[in-house]
Amino acid sequence: MNAPVQSNQKAELLQNTVEHVDMTSFDARPIIDSMRKMSFSSRDTARAADIFNMSLEDKDCSPWLILAGSTSAGGCMHVYRDMVKFGMTDAIVATGASIVDMDFFEALGFKHYQAAGPVDDNVLRDNYIDRIYDTYIDEEELQACDHTILEICNRLEPRGYSSREFIWEMGKWLSEGNAKKPGSLIQTAYEEGVPIFCPAFVDSSAGFGLVKHQKERIAEGKPYLMIDAVADFRELTDIKIAAGTTGLFMVGGGVPKNFAQDTVVCAEILGVEADMHKYAVQITVADVRDGACSSSTLKEAASWGKVSTTYEQMVFAEATTVVPLIGSDAYHRGAWKSRTKPRWAKLFAK
């Protein structure tokens, strides 16, 4: 690629950084309590908050965080980090973009930016600026993220890795003093023993680094690293079997949602009678008529033997508007304080 030709314009476009909301800095309990007495999406949000709190209060339950979409870039990154930090989630299943292009990207010291207004996307391209709705990313910085993944690949033993194992190595690398922004989701999960899975890992900035690693190794006649997607499924199913009772807090849908739900079926295939996910909340704007996984309801998942319908709630809302409220409500109600962190990463310790 050629260097950007309009550096002054680029600087003007990348003036306002996205500031991530701190769910501990405000108490959303009065808002959730009020919503419980309302109707429509407000009442759905309150019930979702109640179900999430129930999963934290249940001593036998292991809650999981399921992430799809761009809410991390949009300002919710620290909510997810703090859910790990305070023991509100024991495992994460996410898109590669959420983990690499957004969280790891910021751990390297880079930022996401607010768009000031409508700008021709061809102008953005001329300035090497990538757009996520009204959020900007500096493409040059994103390519630096790609090359950092390449560096991590090149220092590892050339063999198959589950995404969970590779992300653990990313967290280790950050914790060794390489993080420009401490306290990222990846680093916090590494330090707290919370495994992160990205079942479509290469559909992210990591994919470019992995491809470059393989191409260079092949050209040199050397063995190379690869991502083992089957190991992902096996390892997350191992967690489901070990956990017993589980709860899902899902932002968006798609592959992460179905991957997490399928662990119940996979356990059954392995001859283990695993309970359906007991608690389930999904926040999405996907329309049930579009036929996609993102919009399939939790009640539908019951027909597949994946999710119990006793404590499930769909919230049809844009996630950045309700995730901080539900997170803050749970933080201030404090059920997490009496939980024992299972640190599921220990299942895979060598």
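All of these numbers come straight from a predicted model, not from anything done at the bench.
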Side chain to side chain donor-acceptor pair (under 3.5 Å) against Lys346, all qualifying residues, sequence neighbours excluded: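 Counting only residues at least two positions away or on another chain, Lys346 forms no side chain to side chain donor-acceptor pair (under 3.5 Å).
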Test side-chain contact (heavy atoms from CB on, under 4.5 Å) applied to Tyr161 and Leu156, step by step: CA-CA 10 Å; Tyr161 290 75; Leu156 296 177; 3.4 Å; yes
Check against side-chain contact (heavy atoms from CB on, under 4.5 Å), Cys145 and Phe104: CA-CA 8 Å; Cys145 182; Phe104 187 68; 3.7 Å; yes
Got a donor-acceptor contact below 3.5 angstrom from the [X] side chain to the [Y] backbone?
| X | Y | answer |
| --- | --- | --- |
| Arg29 | His332 | yes |
| Asp262 | Val265 | no |
| Asp103 | Ser184 | no |
| Thr263 | Leu236 | no |
| Arg81 | Gly183 | yes |
| Arg339 | Met88 | no |
| Asp58 | Met54 | no |
| Thr45 | Ser41 | yes |
| Arg217 | Pro158 | no |
| Ser62 | Thr245 | no |

Please determine if [X] and [Y] form a salt bridge, counting it only when a charged side-chain N lies under 4.0 Å from a carboxylate O.
| X | Y | value |
| --- | --- | --- |
| Asp329 | Arg333 | yes |
| Lys341 | Asp90 | no |
| Glu140 | Lys10 | yes |
| Lys111 | Asp138 | no |
| Asp50 | Arg36 | yes |
| Asp146 | Lys212 | no |

Decide whether [X] and [Y] meet the rule of one side-chain donor and one side-chain acceptor closer than 3.5 Å.
| X | Y | answer |
| --- | --- | --- |
| Ser338 | Lys59 | yes |
| Ser163 | Glu165 | no |
| Gln187 | Ser175 | no |
| Lys240 | Thr246 | yes |
| Gln261 | His277 | no |
| Gln9 | Asn127 | yes |

Linking I/L/V/M/F/W/Y whenever their side-chain heavy atoms sit closer than 4.5 Å, directly or via other members, would [X] and [Y] fall into one cluster?
| X | Y | value |
| --- | --- | --- |
| Phe110 | Met170 | yes |
| Val100 | Leu225 | yes |
| Trp173 | Phe201 | yes |
| Val21 | Phe86 | yes |
| Leu108 | Ile132 | yes |

Side chains of [X] and [Y]: closer than 4.5 Å at any heavy-atom pair?
| X | Y | result |
| --- | --- | --- |
| Asp82 | Asp22 | yes |
| Val264 | Asp275 | no |
| Thr297 | Glu300 | yes |
| Pro342 | Trp344 | yes |
| Tyr331 | Met83 | no |
| Leu67 | Val93 | no |
| Tyr128 | Leu142 | no |
| Ile66 | Val251 | no |

Euclidean distance, Asn53 CG relative to Ile32 CD1, rounded to 0.5 Å: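 Spacing of CD1 (Ile32) from CG (Asn53) equals 9.0 Å.
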Check: [X] ring centre within less than 6.0 Å of [Y] ring centre:
| X | Y | value |
| --- | --- | --- |
| Phe52 | Tyr279 | no |
| Trp168 | Tyr190 | yes |
| His147 | Phe208 | no |

Kindly give the heavy-atom pair with the smallest separation between [X] and [Y], and that separation in Å.
| X | Y | value |
| --- | --- | --- |
| Ala49 | Ile326 | CA-CG2, 4.0 Å |
| Val79 | Met23 | CG1-SD, 3.8 Å |
| His20 | Cys76 | ND1-N, 3.9 Å |
| Gly253 | Ala68 | O-CB, 3.4 Å |
| Ile167 | Cys198 | CD1-SG, 3.7 Å |
| Met102 | Gly69 | CE-O, 4.0 Å |

With Phe233 via ring pair (Phe, Tyr, Trp, His ring centres under 6.0 Å) - residues at least two apart: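 Per chain and number, Phe233 pairs via ring pair (Phe, Tyr, Trp, His ring centres under 6.0 Å) with Phe259.
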Stepwise salt bridge (charged side-chain N to carboxylate O under 4.0 Å, His left out) check, Asp232 with Arg164: CA-CA 7 Å; Asp232 275 344; Arg164 187 273 319 161; over 6 Å; no
Candidate pair His112 and Thr17, rule side-chain contact (heavy atoms from CB on, under 4.5 Å), full reasoning: CA-CA 6 Å; His112 292 86; Thr17 59; over 6 Å; no
Criterion side-chain hydrogen bond (donor to acceptor under 3.5 Å, both in side chains) on Ser55 and Lys278, from CA distance to verdict: CA-CA 8 Å; Ser55 72; Lys278 183 175 181 180; over 6 Å; no
Ring geometry between Phe348 and Phe197 (parallel below 30°, tilted from 30 to 60°, perpendicular above 60°):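 Answer is perpendicular, since the angle exceeds 60°.
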His213 and Tyr224 aromatic ring geometry - parallel, tilted or perpendicular at 30°/60° bounds: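 Geometry flag for His213 against Tyr224: perpendicular rings.
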Residues that Lys180 engages under salt bridge (Lys or Arg N to Asp or Glu O under 4.0 Å), provided they are two or more places apart: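 Lys180: no salt bridge (Lys or Arg N to Asp or Glu O under 4.0 Å) contacts found.
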Within 6.0 Å of CD in Glu318, more than 12 heavy atoms from elsewhere: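 For Glu318, atom CD is crowded (more than 12 foreign heavy atoms under 6.0 Å).
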More than 12 heavy atoms from other groups under 6.0 Å of NZ on Lys85: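 Open: at most 12 neighbouring heavy atoms sit under 6.0 Å from NZ of Lys85.
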Steps toward side-chain contact (heavy atoms from CB on, under 4.5 Å) verdict (Asp203, Thr95): CA-CA 8 Å; Asp203 184 21; Thr95 58; over 6 Å; no
